[in-house]
Amino acid sequence: MLQPLLRHPRHLPVLRRRPRLPLVTYTHATHWDPTDLFRVERYPRLRWADLGNLLAADRVLLVSEYLHRTLLTSVTEAGPVAARELSARLRPVGLPLDLDRIDAARPPGLDGTGRHARDGDAVTVVFNHAPIPAKRPELFVAADDEVLRRTSARIVVTRHFPADAPAGPALRELARRYPGRVTLGEDLPLDDYFRTLWRSDIQVSTALHESLGVATLEAMATGTCPLLPATGAYPEIADGDPDVLYDRPEDVADRLCALVANPARRRRTAHRHSARTRATYAPERVAGAVRKVLAEVLAEVVGAGVGTGPGSTGESPG
């Protein structure tokens, strides 16, 4: 039998007391990613514990090819032998989106592209990222200050920004200066959050770190046109699309204004990425990738004859 997929590393030493049972884990982040400022700054000494947990598993399921490359690159710099051993365990499989719940939240009366804005209506730009340094919300606020000044667009922020969060005071000042055009969602309930994505036209990220980009994938699944930095996993989930990716933070405001002014372009881009996102991160596809890895591990167990001897139950004594 296989151990269940576990999230917390403290379980791993306990499970390894049962050496006959293969261990498969699933992770979305790592202390070996130097752009993950939250882990690097708050837990700077945990990368070796992180590596030990990864090496304790028979397979490690990863959410992206980016995370796969980053892990191997960083671990290779610290210890090539460990990296070679780790490489044999890593399997990128993606992460499933809850498409049923996303679709259940779709408001009635939207047009065929999923957008509510007709030509001439105010375009909605949504920012659905956490208020932490790695997401660089101060860049978003500065860009949207320009967008609000130069266009008639509306801005929606789905997350709560505490007063001491990066750009928290600046965001509230923006809402004060543009009443009715800046909406602070203050951590929207999940179904309201999905409805907001359906009603939005452009989703923007200014992140420095992204191991997958769930917030962006959820937005793309609703037909929202993304604008993303060419960093982390974003080129992967955007399929390298130059209409979506930008290299310089100082270009964000101009790129946003261009999308606001060009409804045909943003709708074509949104439609293209919505279809691909729904296919790539559909639960059925991701589950199939996970099953393939589990079958691989089971084949190794059977081939090695582990736990298959007379009277064996696969459990260790005690």
In plain terms, say whether [X] and [Y] are close enough for a salt bridge, that is, a side-chain N and a carboxylate O under 4.0 Å apart.
| X | Y | value |
| --- | --- | --- |
| Glu186 | Arg159 | no |
| Arg89 | Glu85 | yes |
| Glu296 | Arg291 | no |
| Glu218 | Arg278 | no |
| Arg177 | Asp145 | yes |
| Asp50 | Arg47 | no |
| Asp33 | Arg69 | no |

Pairwise side-chain contact, [X] with [Y], heavy-atom cut-off 4.5 Å (strictly under):
| X | Y | answer |
| --- | --- | --- |
| Val125 | Arg154 | no |
| Pro92 | Leu67 | no |
| Leu217 | Leu212 | yes |
| Thr231 | Tyr246 | no |
| Cys225 | Leu259 | yes |
| Leu171 | Val157 | yes |
| Leu61 | Val293 | yes |
| Asp254 | Arg150 | yes |

_Take a 6.0 Å sphere around NE2 of His160 and say whether it holds more than 12 heavy atoms from other residues, nucleotides or ligands._
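Enclosed.
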
*What do you reckon, is NE2 of His68 surrounded by more than 12 foreign heavy atoms closer than 6.0 Å?*
yes

*asked:* Please evaluate residues Val182 and Leu184 with respect to the criterion side chain to side chain contact (heavy atoms under 4.5 Å, CB included), reporting the C-alpha separation (whole Å), side-chain torsions for both, the decisive distance (0.1 Å), and the verdict.
replied: CA-CA 7 Å; Val182 177; Leu184 305 182; 4.1 Å; yes

_Checking Arg272 against Asp241 for the salt bridge (charged side-chain N to carboxylate O under 4.0 Å, His left out) test, could you report, in this order, the C-alpha distance in whole Å, the side-chain angles of both residues, the deciding distance, and whether it holds?_
CA-CA 10 Å; Arg272 184 168 68 249; Asp241 188 349; 2.5 Å; yes

_Evaluate Ile202 against Thr124 for side chain to side chain contact (heavy atoms under 4.5 Å, CB included), listing each step before the verdict._
CA-CA 6 Å; Ile202 303 166; Thr124 299; over 6 Å; no

Going from [atom1] on [X] to [atom2] on [Y], what distance comes out if it is rounded to the nearest 0.5 angstrom?
| X | Y | atom1 | atom2 | result |
| --- | --- | --- | --- | --- |
| Arg59 | Thr25 | CZ | OG1 | 11.0 Å |
| Thr30 | Leu51 | OG1 | CG | 8.0 Å |
| Leu54 | Thr27 | CG | OG1 | 6.5 Å |
| Leu256 | Ile155 | CG | CD1 | 7.5 Å |
| Thr76 | Leu71 | OG1 | CG | 10.0 Å |
| Leu227 | Leu245 | CG | CG | 8.5 Å |

Membership question, hydrophobic clusters at under 4.5 Å side-chain separation (ILVMFWY): are [Y] and [X] in the same one?
| X | Y | result |
| --- | --- | --- |
| Leu294 | Val60 | yes |
| Val204 | Tyr178 | yes |
| Leu228 | Val214 | yes |

Looking only at atom types and distance, does a side-chain atom of [X] sit under 3.5 Å from a main-chain N or O of [Y], one as donor and one as acceptor?
| X | Y | value |
| --- | --- | --- |
| Ser274 | Thr222 | no |
| Ser64 | Ser211 | yes |
| Thr206 | Leu139 | no |
| Lys135 | His209 | yes |
| Trp198 | Ile102 | yes |
| Asp98 | Arg101 | yes |

Considering all heavy atoms, the nearest [X]-[Y] contact:
| X | Y | result |
| --- | --- | --- |
| Ala105 | Phe194 | CB-CB, 3.5 Å |
| Ala207 | Arg136 | O-NH2, 3.5 Å |
| Thr224 | Ala270 | C-CB, 3.9 Å |
| Pro235 | Gly232 | CD-O, 3.4 Å |
| Pro34 | Val40 | O-CG2, 3.9 Å |
| Pro22 | Asp58 | CA-OD2, 3.2 Å |

*asked:* Using the rule given for side chain to side chain contact (heavy atoms under 4.5 Å, CB included), can you reason through Leu72 versus Leu90, listing the C-alpha separation, both sets of side-chain angles and the distance that settles it, and then say yes or no?
replied: CA-CA 9 Å; Leu72 289 182; Leu90 301 180; 3.8 Å; yes

*Between Asp103 and Arg106, is a salt bridge (charged side-chain N to carboxylate O under 4.0 Å, His left out) present by the stated rule, with each step listed?*
CA-CA 5 Å; Asp103 290 345; Arg106 177 173 176 164; over 6 Å; no

*Checking side chain to side chain contact (heavy atoms under 4.5 Å, CB included) for the pair Leu148/Arg181: CA distance, chi angles, key distance, verdict?*
CA-CA 8 Å; Leu148 289 165; Arg181 293 180 62 195; 3.6 Å; yes

*Apart from Tyr43 itself, which Ile, Leu, Val, Met, Phe, Trp or Tyr residues share its cluster (side-chain heavy atoms under 4.5 Å, direct or through members)?*
Phe38, Leu46

_Taking the six-membered ring for Trp, are His129 and Phe127 closer than 6.0 Å centroid to centroid?_
yes

*asked:* Could you tell me if Gln203 and Thr216 have a donor-acceptor pair between their side chains, going purely by distance under 3.5 Å?
replied: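 Side-chain D/A pair, Thr216 to Gln203: present.
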
*Taking atom types as modelled and ignoring hydrogens, do the side chains of Ser205 and Tyr234 form a donor-acceptor contact shorter than 3.5 angstrom?*
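Checked: Ser205/Tyr234 side chains pair up, N/O donor to acceptor below 3.5 Å.
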
*List the steps, then state whether salt bridge (charged side-chain N to carboxylate O under 4.0 Å, His left out) holds for Arg266 with Asp243.*
CA-CA 9 Å; Arg266 68 172 183 266; Asp243 288 340; over 6 Å; no

*Parallel, tilted or perpendicular: rings of Trp32 and Trp48 (30°, 60°)*: perpendicular

